[in-house]
Amino acid sequence: MELTPPIEMSASYPPVQEEVARLAGLPEVRAAFDWFRSQEPLFALWQMESTRIAAPPFGEAARGAWLAKRFRELGLSEVQADEIGNVFGVHPGGGSRSVAVSAHIDTVFPATTPLNIRQQGSRLYGPGVADNGAGIAAILAVAGAIRAARIPHTLPFIFIGDVGEEGEGDLRGMRHVFATPRWRDSIAYSVIVDGAGSDTVVAEALGSRRFEVIVRGPGGHSWSDFGTPNPIFVLARAIEAFRQTPVPALPKTTFNVGVIRGGTSVNSIPESASMRIDLRSTSMAEIDRLERVLRMAADQAIDAENRAAAGHGTRRPQAVQSEVAAIGNRPAGELAADARILKVIRAVDAQLGNAAQVQRASTDANIPLSLGLEAIAIGGGGSGGGAHTLQEWFDASARDLGLRRILLTMLALSGVGE
Ligand SMILES: [Zn+2]
């Protein structure tokens, strides 16, 4: 997930605050808090084991199978994977609605990335160790604590390891969860655990749109066909024009060219080349504007390259052509100011003496939020950095604060009888 500057928080809500204080004082909940403190070696083990299993976009099955095993060991019922690889386990309760707690199991790293995961003191190192090794370890820790401390709760808990959160996954896991009647009709609240930390609450869904621009041409020999329009030159022209588009600081709006591919050899004029572009904004209107600018830049680059080739007098009549394909579309959305889940997380933070900021980001929460359902994304505790790089790290110091935060939030949303 990626973050934007904080949104101002308003005051807390006494009735929810009193309920959270009561929950935090229950003997079962205190026992769970002790369990969190004593079981850190187990959490680190889970985190390293899961992170050592490659889980690139569309290749999460092995990590999902590992997670389903852990769900079974922890005594969750109805453990199952759906047809796209989301893994579910239920901790039963009463009532027809339920509270979902989820962590995405995919990473941004291709299957070939060496997953050299290592531990040094309280620190873990390696790609994916925090995003989302920390989230996976956290939902397992919470499931384990509920069982170890025999905590009663009213609404059932649905534990979910979902696929396809990152990049090209385009939130396909969460989309599928909320397209499945059994889950869509029962999940009242979604607590999404993404990455490390305890100091943020994502309550607004940042929208994004992603494109692949594919340019095709006749190709040819670098010497004998010189002057033939070149798809890589087209991309270069388009990028240079698009890059100069002004974007506002508010509403925050960004763009990125993240991948370029194409060509066959150094002495061949390529037959095709492509690039991938990510547009983001808290305003859908800005995303629409950037999309128009991108399409215009691609069209103008094609015209310019074809004109240059014609001017060169090449005998080849074929010209280059481009196609702009949408490869991702994440809906924006936000919680109502009086949403219960927001009152609960604020009360939990007040109870734990935890200072947290409400933020906008693009996470699995985009899907329930865009459907008008209550959802937040929070961290799995500890701290981390270097997300989406090979230098990623996680520090487990004070992980238990993040775990207490998740557990209390789930219990307050579910309800625990007097
Ligand atoms: Zn993540």
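All values derive from a computational prediction rather than experimental measurement. Any value given below was found using the heavy atoms of this structure, including those in side chains, with hydrogens, waters and symmetry copies removed. Counting convention: from 1, in listed order, for ligands and their atoms alike.
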Quick one: report the N, O or S atom of Asp194 that is nearest to the Zn ion (ligand 1).
OD1

Taking both backbone and side chain into account, is any N, O or S atom of Glu165 nearer than 2.8 Å to the Zn ion (ligand 1)?
no

Would you say the side-chain atoms of His104 and Glu60 include a donor-acceptor pair closer than 3.5 Å?
no

Check whether any side-chain N or O of Arg330 sits under 3.5 Å from a backbone N or O of Ser208 as a donor-acceptor pair, and report yes or no.
no

State the atom name: nearest N, O or S atom of Asp131 to the Zn ion (ligand 1).
OD1

Looking only at atom types and distance, does a side-chain atom of Asp278 sit under 3.5 Å from a main-chain N or O of Asn256, one as donor and one as acceptor?
no

Classify the side-chain pair Ser383/Asp395 by whether it contains a donor and acceptor separated by less than 3.5 Å.
no

